[in-house]
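The next block holds one structure in the form of structure tokens; read it before the comments.
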Amino acid sequence: MDVTLHLAQDPEADALLGRSPLAALTGMLLDQQVPMEWAFKGPRTIADRLGAGDLDAHEIAAMDPETFAALLSEKPAVHRYPGSMAKRIQQLCRYLVEHYDGDAEAVWKDAGSGAELLKRLEDLPGFGRQKAQIFLALLGKQLGVTPAGWREAAGAYGEPGSHRSVADITGPDSLARVRAYKQEAKAAAKAARK
């Protein structure tokens with residue numbers, strides 16, 4: 001994995017996301033209740049605070065939970081809820097250590113189908129169906145991970161030419177289109193509740 005992503009809108013953070021499967025998974029995990037760029041910049045911030053060039057699932061899984069939470073809480077905090085997100089990141093890393101020997105890329109490397117890959121992603125701590133489908137679409141659209149049936153497994157997020165999620169962001173213009181789509185979807189949902 002070595003591609004250029006534009007999710008954090010920060011060259012160093014995006015470079016890490018493009019070369020590190022664990023950083024990409026961690027950014028996706030952090031992508032809730034904060035602006036997308038903040039979430040996807042998180043893995044670079046964590047790596048910097050650990051004094052490392054990348055994230056290591058074994059290292060993070062073994063860290064003292066209070067120490068890791070304090071690391072995420074330093075100013076500027078990695079997330080709006082650094083304590084709870086520290087727990088989730090450690091849960092993800094422990095799962096990866098237990099099931100994939102700490103190799104995040106192994107989650108998708110040998111998946112035989114889109115449905116199998118979706119199931120593997122849904123099994124990750126902190127990944128519900130929607131988050132798993134969005135990450136699957138990111139893998140297929142930008143990272144070259146395209147097992148048979150990946151678009152179908154990713155649902156609407158896998159549609160070519162769509163601008164629904166981080167899977168569709170390749171720069172500032174597509175970021176603006178994804179934001180506009182999300183605002184329209186929120187407005188429609190709000191109107192439907194009335």
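Residues H6 and I169 approach most closely at O-CG2, 3.6 Å, considering heavy atoms. Across all their heavy atoms, A57 and G102 have their closest contact at CB-O, 3.6 Å. Annotation for V166 and L7: closest pair O-CD2, 3.4 Å, computed over non-hydrogen atoms. Minimum interatomic distance between A23 and P43 (heavy atoms only, all atoms of both residues): O-CG, 3.3 Å. Closest non-hydrogen pair, L16 versus G53, comes out as CD1-O, 3.5 Å. Of all heavy-atom pairs spanning V78 and G42, the tightest one is CG1-CA, 3.8 Å.
Rounding to the nearest 0.5 angstrom, the gap separating the CD atom in Q91 from the CG atom in L124 is 12.0 Å. The distance from the OG atom of S165 to the NZ atom of K131 is 11.0 Å, given to the nearest 0.5 Å. Between atom CG of residue L121 and atom CD1 of residue I134 there is a gap of 11.5 Å, rounded to the nearest 0.5 Å.
Judged by distance alone, with hydrogens and angles left aside, the side-chain atoms of D31 form no donor-acceptor pair with the main-chain N or O of A39 at under 3.5 Å. Without hydrogens or angle criteria, Q133 side chain to A153 main chain gives a donor-acceptor distance under 3.5 Å. Of the possible donor and acceptor atoms, none in the side chain of H79 sits under 3.5 Å from a partner among the backbone N and O of V34. Side-chain atoms of D168 come within 3.5 Å of backbone N or O of R164 as a donor-acceptor pair. Looking only at distances, no side-chain donor or acceptor of S20 sits under 3.5 Å from a matching main-chain atom of L17. Q142 contributes no side-chain N or O that, together with a main-chain N or O of L138, makes up a donor-acceptor pair within less than 3.5 Å. At least one donor-acceptor pair closer than 3.5 Å links the side chain of Q90 to the backbone N or O of M63.
Note: the hydrophobic cluster containing Y81 does not contain L29 (ILVMFWY, side chain heavy atoms under 4.5 Å, direct or indirect links). The hydrophobic clustering, which links ILVMFWY residues whose side-chain heavy atoms are closer than 4.5 Å, places L118 and Y100 together.
Salt bridge status for R177 with D173: absent, with no side-chain N to carboxylate O gap under 4.0 Å. Note on E184 versus K190: no salt bridge recorded, every NZ/NE/NH1/NH2 to OD/OE distance being 4.0 Å or above. A salt bridge links E122 to R129: one of the charged nitrogens lies within less than 4.0 Å of a carboxylate oxygen.
A heavy-atom distance below 4.5 Å is found between the side chains of L50 and I60. The side-chain heavy atoms of R120 and D110, taken from C-beta on, include a pair separated by under 4.5 Å. Side-chain contact check for S113 versus E116: some heavy-atom pair is nearer than 4.5 Å. Residues I46 and I89 meet the side-chain proximity criterion, which asks for heavy atoms closer than 4.5 Å. Proximity of T170 to T4: side-chain heavy atoms (C-beta onward) are nowhere separated by under 4.5 Å. A 4.5 Å side-chain heavy-atom check between V145 and L136 finds every atom pair outside the cut-off.
Among residue pairs with one or both ends in residues 39-52, those qualifying as side-chain hydrogen bond (donor to acceptor under 3.5 Å, both in side chains) are R44-D48; sequence neighbours excluded. Residues in residues 79-97 take part in no salt bridge (charged side-chain N to carboxylate O under 4.0 Å, His left out) pair, two or more places apart or across chains. Residue pairs meeting the ring pair (Phe, Tyr, Trp, His ring centres under 6.0 Å) criterion with at least one partner in residues 13-64, sequence neighbours excluded, do not occur; the list is empty. Pairs engaging residues 122-165 under the ring pair (Phe, Tyr, Trp, His ring centres under 6.0 Å) rule: W108-F135 [sequence neighbours left out].
For A104, the side-chain contact (heavy atoms from CB on, under 4.5 Å) criterion is met by P21, L22, L25, L96, not counting sequence neighbours. Partners of A62 by side-chain contact (heavy atoms from CB on, under 4.5 Å), not counting sequence neighbours: none found.
If you check the side chains of S162 and K141, you find a donor sitting under 3.5 Å from an acceptor.
When the shell of 6.0 Å around CD of E12 is examined, it contains 12 or fewer heavy atoms from other residues, nucleotides or ligands. Enclosure of atom CD in E74 by more than 12 non-hydrogen atoms of other residues, nucleotides or ligands within 6.0 angstrom is indicated.
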